[in-house]
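Inspection log for the structure reproduced underneath, given as structure tokens.
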There are 2 protein chains.
Amino acid sequence: MRAELEFLQNHSLTSVLRRELETLILSGEFAPGERLNENSLAIRFSVSRGPIREVCRALAEKGLLELVPNRGVFMRRIGEEQAAELYDVRAGLFASAARLLATKVTPEQISELQSLLDRMEEAVLANSLDNYYPLNLEFHDSILRFAGNSRLHKAYSELVKELHLFRERALLQGGGLTVSNIEHRRIVAALGAGDATAAMDAAFAHVLSGKSRMTLPAAADTEHSIGGTAKTTDIA
Amino acid sequence: MRAELEFLQNHSLTSVLRRELETLILSGEFAPGERLNENSLAIRFSVSRGPIREVCRALAEKGLLELVPNRGVFMRRIGEEQAAELYDVRAGLFASAARLLATKVTPEQISELQSLLDRMEEAVLANSLDNYYPLNLEFHDSILRFAGNSRLHKAYSELVKELHLFRERALLQGGGLTVSNIEHRRIVAALGAGDATAAMDAAFAHVLSGKSRMTLPAAADTEHSIGGTAKTTDIA
DNA sequence: TTACTGCAAACTGTCAACAGAATACAGTGC
DNA sequence: GCACTGTATTCTGTTGACAGTTTGCAGTAA
């Protein structure tokens, strides 16, 4: 019961709604550019329009939705240029984390990262994107976590969520995995050596490399994901 | 009249309110941790509570306000640790801008930055913080602008706004100006040489240097700003 | 005097309803 | 058949009101 009381105090209806709608958005429930009907959402969640509107305003501020006066809220549509811009921001945050971590990383953390590198290497050899993808996420997340700056971590995570809205991106070619993991090794090597500048540089270059891997093939084939929820992945 | 119509279409009541309230907050109208009464705000702006609530949700998402269930909205209180974290994020964004700019900067932009450096140098010699401060802002803003990434620029600006909430910081000592401008010169030199890594490194180090200039003296004297709206400045 | 209890006022959370704008569609003229 | 106009519908923007919670205060007992 104690736990339930605490739940009621910390999680208001609005905050629950917010989380719920965010999950819905990130799960691909709505198509890019699709309009969200406030009334429908209100009925769907069995609440009135007030809380729905508040949640939409918050998510719009976060960059997941778009507000058009007198027309309503729309799923944010992220074009190639906007995605490219987001990559630059993400690169800066990731580089910051790497640089901060370089001066304080512990041997245990290095070996944990090494372990991830090895497991990713296996996935590369098996040419298994399905195995590589979650390890890649964990690798990046670990660096952010080890950096020990919760605000930086939060900003990075939100940026990754925002990038998920960019669905018109190409699937990664097999060769990308090899390159990606080589870059990973370079980052860990710099971290292990305590070289802040090199770590920052490698981290930044890695994300930018992912950006070019992502946008270049997309220009050649932009129709592949229309009408489906093709599982696109993001190796950076 | 054309302009007025366009104004009505693009700026809804909520968006105007949002800007207004944000200005109020950043101007120091409310003390850190102070509670904002929804009804008072509604009366003050002659609107109902609905729009006020939506605006507050948006500004809370942005990090300027804090929401406590069943108790209301409060001015966000930023402690020293949080401010330190924000500096790291800011450093990453600024470094990203510097690195991106290094590969595309034009001679005209370099000379514009040089001009700012010279004018800051004058302010340093005159030991005039009042002259130095706006030039310093313009210097940083110019680099973000020249970098040509609007999203990065926006993220940086919002972070600076968020940092403004940290009022318990010390005024800058005179010596800081000299150091700060030396760091500025190092950034511009790297940019002019087209050295992306050096530019990124110098930019990151500069913001972190500003962070230590900010937090160290504050630890020695944390009571200086109580009860007043002392004009504190932020040299980084 | 101090601590506790109970009540009252104030405020937030939520809802339902109204006004105005945008959209879709039927009707009319060419 | 096609473009245009006027109307009806739908949806957003905003408001006022009610329910539940928190806060402040007066009253009481130790």
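In what follows, chains carry the letters A, B, and so on, assigned in the order in which the sequence lines appear, proteins first and then strands, with residues in each chain numbered from 1.
The two residues B/Leu67 and B/Ala60 have their closest heavy-atom pair at CG-CB, 3.7 Å. The two residues B/Glu54 and A/Arg53 make their nearest non-hydrogen contact at OE2-NE, 2.6 Å. Nearest heavy atoms, B/Thr14 versus B/Val55: O-CG2, 3.5 Å. Across B/Arg77 and B/Glu66, no two heavy atoms sit closer than the pair N-OE1, 4.0 Å. When all heavy atoms of A/Leu59 and A/Glu22 are compared, the pair lying nearest together is CD2-OE1, 4.0 Å.
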Can A/Asp88 and A/Lys211 be said to form a salt bridge (charged side-chain N to carboxylate O under 4.0 Å, His left out), step by step? CA-CA 8 Å; A/Asp88 293 342; A/Lys211 164 184 166 185; 3.0 Å; yes

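With a 4.5 Å cut-off on side-chain heavy atoms, A/Cys56 and A/Leu21 count as touching. With a 4.5 Å cut-off on side-chain heavy atoms, B/Arg213 and B/Ser180 count as touching. For the pair B/Glu158 and B/Glu162, the minimum side-chain heavy-atom distance is 4.5 Å or more.
The ring pair (Phe, Tyr, Trp, His ring centres under 6.0 Å) test applied to A/Phe139 returns A/His184, not counting sequence neighbours. Scored by the side chain to side chain contact (heavy atoms under 4.5 Å, CB included) test, A/Val207 finds A/Tyr87, A/Arg90, A/Ala91, A/Phe94 as partners (sequence neighbours excluded).
As judged by a 4.0 angstrom heavy-atom cut-off over every strand, B/Leu36 is placed among residues touching the sugar-phosphate backbone only.
Taking 4.0 angstrom as the limit, B/Thr14 places none of its side-chain polar atoms (N or O) nearer than this to OP1 or OP2 of D/dT12.
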Under 3.5 Å, which protein N or O atoms sit close to an N or O of nucleotides 6-10 of chain D? Give each pair with its distance.
none

Under 3.5 Å, which protein N or O atoms sit close to an N or O of nucleotides 19-21 of chain C? Give each pair with its distance.
none

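Of all the residues in residues 38-46 of chain B, B/Glu38 reach under 4.0 Å from DNA chain C with at least one non-hydrogen atom. DNA chain C lies under 4.0 Å from at least one heavy atom of each of the following residues of residues 49-61 of chain A: A/Arg49, A/Pro51.
In this structure, CD1 on B/Ile143 lies 7.0 Å from CG on B/Leu101, to the nearest 0.5 angstrom.
Salt bridge status for B/Arg44 with B/Glu20: absent, with no side-chain N to carboxylate O gap under 4.0 Å.
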